[in-house]
Amino acid sequence: MKPREIKPGIYWVGAIDWDRRLFDSLIPLPDGTSYNSYLIKGNEKTALIDTVDPAMQDVLLSNLNQPDFGHIDYVIANHAEQDHSGTIPRVLEKYPGAKIVCTPKCKDMLIDLLMVPEEAFITVNDKETLSLGDRTLEFIHAPWVHWPETMLTYLREDRILFPCDFLGSHLATTDMYVRDGGQVYEAAKRYYAEIMMPFRNIVQKNLEKVKGYNIDIIAPSHGPMHDKPDFILKAYNSWAFDEPKNAVVLPYISMHGSTQKMVEHFVGALAGRGVSVQQFNLAVTDIGKLAMSLVDAATVVLGTPTVLVGPHPKVAYAALLANVLRPNLKFVSIIGSYGWGGKVVEQLAAMIPNLKVEVLDPVLIKGFPRAADFEALDRLASSIAEKHREKGFS
Ligand code: FEO
């Protein structure tokens, strides 16, 4: 994709990665992604906001090769992660004397990660400004969305916020701005769940901070831009501030059908009591979908057979994932089957120390479920429905 003009003198110059399917060797990207880089020309200086993943460095460099772009004076590094910073060394080679503008913490990280020489940096404090002549950049320190060094950049005269990962979405699209709201909502929620949810309290603070700015356009580093900023701000406010919903997430594995039978009965029992359930067979689940479901859920129930005295490793993985993503859960329980005994409950409980949850009595049974076991599942379903009602979750 060639450069695209946002306003006179302001261009998108990034790269769209239609084929990428995995990020951090962990996170599924079903819709690809983009690495958005933006060029801002003032009447005295020119700045580049973030670069692109090194895999697409040639795209950025070719985009910058426009006759009217001229020299780049500043590379604004909002974030040190390599999908945005990884092409900085090539940009510095192309534009000798260009300075990297970033937070002090980001400077240290870029020296560590990319071996950029120390003299290439200008560090900026929170709310500090940088003049490009007739345009002014204001830097807003916003640590932990989602690394400790992150900042946002605000272009005052044009009222454009460049928040890097914050408010972004992994989505490859030719739409410059959000046009398919449903598609972007889904991609942005997936992104929030996987990247931002562990820092929910900090996201809340940053949303408050951003409220102080008049914003016409939000231009994140992944996915389309927002020319109706309320769309993404309202979504983030809801994900970060709202109470959990009357919903259960049920990640499970079944090896020989016993746990499957329990899951089927239990999901029906919850639904019959007015509780929404999303069940995820971990043998085939997209973990991004699982992460998204955790944004709203009040309760997780893990379903597992017993393998070598503990939970099935895929269920252990789901528990560890929930632990690091730190969703706003209130209750956890476990259902499952064993052949001769084990320590499923103790082992799973030890995997979720970050979750501030009440553990509800698990239902672990020997062999295939019988009438008494289904009754126990009904009691657990009633208990969850009652707990949600008491808390006012709807
Ligand atoms: Fe898109 Fe944290 O990098």
Side-chain angles (χ1 to χ4, degrees), residues 1 12-38 48-57 59-60 75-91 100-103 105-114 116 139-153 161-173 184 186-200 202-203 206 210 218-226 232 236 239-240 287-288 291-292 324-326:
M1 182 73 66
W12 176 92
V13 290
I16 299 176
D17 197 341
W18 295 93
D19 297 336
R20 190 158 182 180
R21 287 291 174 271
L22 202 59
F23 199 86
D24 291 345
S25 299
L26 172 70
I27 297 168
L29 303 183
D31 304 309
T33 191
S34 65
Y35 317 107
N36 299 334
S37 176
Y38 301 95
L48 182 70
I49 301 205
D50 295 313
T51 68
V52 301
D53 191 281
M56 305 210 98
Q57 57 186 355
V59 177
L60 174 63
V75 179
I76 313 302
N78 281 322
H79 179 23
E81 193 164 8
Q82 290 91 330
D83 54 325
H84 310 293
S85 70
T87 303
I88 287 177
R90 288 284 308 276
V91 172
I100 304 170
V101 180
C102 63
T103 63
K105 183 88 183 163
C106 187
K107 173 183 166 183
D108 293 344
M109 293 177 78
L110 290 175
I111 290 172
D112 289 343
L113 296 172
L114 301 175
V116 179
F139 305 106
I140 306 162
H141 281 208
W144 293 110
V145 285
H146 62 117
W147 278 14
E149 85 300 357
T150 44
M151 71 173 187
L152 326 177
T153 297
L161 182 72
F162 300 91
C164 203
D165 283 346
F166 190 51
L167 311 171
S169 55
H170 280 310
L171 179 63
T173 172
V184 177
E186 172 105 359
K189 187 173 185 181
R190 174 186 282 266
Y191 193 65
Y192 169 86
E194 293 163 338
I195 304 289
M196 300 293 166
M197 187 161 65
F199 309 104
R200 197 169 63 92
I202 293 162
V203 167
N206 283 315
V210 163
I218 292 175
S221 59
H222 297 290
M225 293 184 287
H226 298 271
I232 192 66
Y236 256 67
W239 301 330
I287 60 162
M292 282 167 71
V324 295
L325 293 179
R326 297 172 182 255

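Note that ligands are numbered from 1 as they come in the structure, with each ligand's atoms numbered from 1 the same way.
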**Q.** Ion pair Asp53/Arg20, N-O distance below 4.0 Å
**A.**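 Counted as a salt bridge, because a side-chain N and a carboxylate O are separated by less than 4.0 Å.
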
Check: Can you tell me how far CG of Asp17 sits from CG of Asp83, rounded to the nearest 0.5 angstrom?
Finding: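 If we round to the nearest 0.5 Å, Asp83:CG and Asp17:CG are 10.5 Å apart.
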
Q. Aromatic rings Tyr192 and Trp239: how do their planes relate, parallel, tilted or perpendicular, breaks at 30° and 60°?
A.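 Tyr192 and Trp239: tilted rings.
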
(request) Not counting sequence neighbours, which residues clear side-chain hydrogen bond (donor to acceptor under 3.5 Å, both in side chains) with Ser34? List them please. (result)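 In terms of side-chain hydrogen bond (donor to acceptor under 3.5 Å, both in side chains), with neighbours along the sequence ignored, Ser34 is linked to Asn36.
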
Answer with yes or no whether the side chains of His141 and Thr103 bring together a donor and an acceptor at under 3.5 Å.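 Their side chains do not contain a donor-acceptor pair, so the 3.5 Å distance test is not met.
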
Among side-chain atoms of Asp165 and His222, is any donor-acceptor pair under 3.5 angstrom?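 Yes, side-chain donor-acceptor contact under 3.5 Å.
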
Could you enumerate the protein N, O or S atoms under 2.8 Å from atom 1 (Fe) of ligand 1, written like residue then atom name?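 Short answer, with waters excluded from the count: Asp83 OD2, His84 NE2, Asp165 OD1, His222 NE2.
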
